[in-house]
Amino acid sequence: MKLKDIIETLSLRVICGEEHLENELTGGYCSDLLSDVMGNSQEGHVWVTIQVHKNIVAVAALKELSAILLVKGLMPPNETIKAAIEQGIPILQTNETAFEVAGKLYNLIQQS
Amino acid sequence: MELEYSIEGGDFSKAGLASSEVKKILKQVNIKPEIIKRIAVAMYEAEVNVVAHAYQGKMLVNIDPSKVYIRFEDEGPGIENIDQAMQEGFSTASEAVRQMGFGAGMGLPNMKKNVDEFFVGSVVGKGTTVELTTYIK
């Protein structure tokens, strides 16, 4: 499954990283603790979180995640977007909660 | 190959930069991706610890044909009880740091899990040294 598939199906907004939407999705990880994501997410995961500060980009880049998905309509500050563009990490956004969107993502990825 | 990076305590805007640089170099010297992934987790955690707890520090990297050795030396408050600090969930991070999603008490255990040899030594009031060794052969 590709990033663009979940963006279309779940009507996610693309905040940055339009050129990386062909990224393959291997699964997802849902956490707001950065060390938890460092320790337990896998390459190619979409990371569902409420954290918006710049350090989420470093974590996603080091773990080679396919995208960061911000929930509850949260907007990242400009410095986060700038870092994400530099590092080639797409940032997506939904108005739904982590629980809602993670449930839908799980089903989509299981079916693919 | 020897590399050295300085790390500024308290400056979260730069946290992870040194680790990203080293990760790029590890890729360039053709270390296996699965080994690089483990080193990346450990060194990022160590770098963030310097930013979150120390005044300043440095990261020294030594790559030879058999291993990657990374040493973090910081000037900071040090660790009073290393056994306690090694327990998952124990943290002395400030509330501000926790709100950013750091300070979950997983840093030191994450480092230990992801390298072959792990050492942490500390002098209270002076600083902390962390050594991460990964064999690549």
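Keep in mind the model is a prediction, meaning the values are calculated, not measured. Proteins come first, then strands; the chains are lettered A, B, ... in the order of their sequence lines, and each starts at number 1.
- Heavy-atom neighbours of B:Q84 CD from other residues, nucleotides or ligands within 6.0 Å: above the threshold of 12.
- Contacts of A:D32 with chain B are made by backbone atoms alone, with heavy-atom separations under 4.5 Å and no side-chain atom involved.
- No continuous path of hydrophobic side-chain contacts links A:M38 to A:L33 [ILVMFWY only; heavy atoms under 4.5 Å].
- Put simply, the side chain of A:N40 reaches to within 4.5 Å of the side chain of B:M106, judged on heavy atoms.
- For residues 79-112 of chain A, a heavy-atom distance under 4.5 Å to chain B picks out no residue at all.
- Residues B:L17 and B:I25 are members of separate hydrophobic clusters, defined by side-chain heavy-atom contacts under 4.5 angstrom among Ile, Leu, Val, Met, Phe, Trp and Tyr.
- Scanning all heavy atoms of the two residues, the minimum distance from B:K27 to A:E64 falls at NZ-OE2, 3.2 Å.
- Hydrophobic clustering (side-chain heavy atoms under 4.5 Å, transitive across Ile, Leu, Val, Met, Phe, Trp, Tyr) keeps B:Y69 apart from B:I39.
- A donor-acceptor contact shorter than 3.5 Å links the side chain of B:N110 to the backbone of A:S35.
- Residues B:I70 and B:L60 do not share a hydrophobic cluster, clusters being chains of Ile/Leu/Val/Met/Phe/Trp/Tyr side chains in contact below 4.5 Å.
- To the nearest 0.5 Å, the span separating CD on A:Q42 from NZ on B:K37 amounts to 7.5 Å.
- Between A:N55 and B:Y44, the shortest heavy-atom contact is O-OH, 4.0 Å.
- Dense packing is recorded around CD of B:E4, with more than 12 heavy atoms of other residues, nucleotides or ligands lying under 6.0 Å away.
- Linking ILVMFWY side-chain heavy atoms closer than 4.5 Å, directly or via other members, places B:V120 and B:V124 in two distinct hydrophobic clusters.
- Looking at heavy atoms from C-beta onward, A:L34 lies out of side-chain contact with B:M100 at the 4.5 angstrom threshold.
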